[in-house]
Amino acid sequence: MIATRGLRALTHRALDTELALPAGSTSYYFRTKRALIEAIVDRITARSREDFAAAVLAPTGAAAPHSVAEAIATWLDRLLADRRAQLIARHALLVDLLDDPDLRPRLVHSLFSVDRARDLFHAIGAPDPQTRAEDFVAVIEGAVFDRFAGNRTALRPGTNESVRQLARVLATHLNT
């Protein structure tokens, strides 16, 4: 609902209608709009962790940066194809929660892990893995945003070209 109609459209009544639930159902479980947004943040975080854990992104042995970039690009492409609405909702919530000291950090770290990226850069022998990881996550965030709201919205996920372009960008940041 957030992805298609915006954050302002998110109300208990609208959600009940959207889900064909009896009036008052969502407010019974989520008393306030904040509780509803917390549940959305929790769901985005849980789903992201499940997807990330299922993806084989860590290098094994002396994996070449290009093969790691290809694996990450394939994962990102699948993420953009399967969870586009969630990604849009996440970005809308990030802007709306700029001043929220509890929910915003949870949402910021819900999709990509700087810790996992640091481990990746450490495993491939990159200098200053922490800084490289933070920069890499910023590049990934930008690439995702660009695919659904920026200059490359015409480049649809699920195409070889999409994966190739993402892999090229990621490989340049993975090379040590």
Side-chain angles (χ1 to χ4, degrees), residues 2-3 7 37 40-98 100-176:
I2 295 170
L7 196 53
I37 290 173
I40 293 167
V41 169
D42 289 344
R43 179 64 190 134
I44 290 171
T45 301
R47 175 72 193 273
S48 295
R49 289 191 178 140
E50 291 165 10
D51 286 354
F52 199 77
V56 181
L57 304 176
T60 54
H66 181 74
S67 65
V68 173
E70 187 88 21
I72 293 171
T74 301
W75 172 71
L76 284 172
D77 193 61
R78 192 175 65 251
L79 177 74
L80 287 159
D82 297 346
R83 296 183 48 211
R84 184 176 190 277
Q86 242 183 34
L87 293 171
I88 293 169
R90 177 181 177 262
H91 278 82
L93 286 166
L94 280 168
V95 171
D96 194 63
L97 298 172
L98 281 173
D100 189 306
D102 177 43
L103 291 180
R104 186 171 185 285
R106 288 167 47 194
L107 201 53
V108 164
H109 300 290
S110 68
L111 198 53
F112 304 111
S113 168
V114 172
D115 293 338
R116 294 267 313 258
R118 184 192 59 239
D119 294 346
L120 170 69
F121 281 105
H122 181 71
I124 62 175
D128 193 7
Q130 181 66 33
T131 301
R132 296 286 297 268
E134 290 166 357
D135 291 346
F136 189 68
V137 168
V139 167
I140 291 173
E141 287 277 9
V144 167
F145 184 82
D146 191 44
R147 290 307 194 279
F148 72 76
N151 289 325
R152 298 186 186 209
T153 57
L155 187 60
R156 294 291 167 216
T159 65
N160 287 337
E161 183 58 24
S162 178
V163 172
R164 277 194 299 273
Q165 285 187 3
L166 282 168
R168 276 195 304 270
V169 169
L170 299 177
T172 62
H173 291 280
L174 281 169
N175 286 321
T176 54

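If you're wondering where the values come from, they're calculated on a predicted model, not measured in any experiment. All values below were derived from every heavy atom in this structure, side-chain atoms included, with hydrogens, water molecules and symmetry-related copies excluded.
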**OP:** Taking atom types as modelled, find out whether T45 and R106 have a side-chain donor-acceptor pair closer than 3.5 angstrom.
**Re:**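 No, R106 and T45 have no side-chain donor paired with an acceptor closer than 3.5 Å.
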Heavy-atom pair of closest approach, residues [X] and [Y]:
| X | Y | result |
| --- | --- | --- |
| L80 | R147 | CD1-CG, 3.5 Å |
| R83 | S48 | NH2-OG, 2.9 Å |
| A126 | R132 | CB-NH1, 4.0 Å |
| F112 | E141 | CD1-OE2, 3.5 Å |
| A133 | V114 | CB-O, 3.6 Å |

How many angstroms lie between atom [atom1] of [X] and atom [atom2] of [Y], to the nearest 0.5 angstrom?
| X | Y | atom1 | atom2 | value |
| --- | --- | --- | --- | --- |
| L107 | R90 | CG | CZ | 5.5 Å |
| I88 | L7 | CD1 | CG | 13.5 Å |
| R49 | D51 | CZ | CG | 12.5 Å |
| D128 | H122 | CG | NE2 | 12.5 Å |
| D82 | R47 | CG | CZ | 7.0 Å |
| L79 | T74 | CG | OG1 | 12.5 Å |

Any side-chain heavy atom of [X] within less than 4.5 Å of one from [Y]?
| X | Y | answer |
| --- | --- | --- |
| L111 | V137 | no |
| I140 | I72 | yes |
| F136 | T131 | no |
| R104 | V108 | yes |

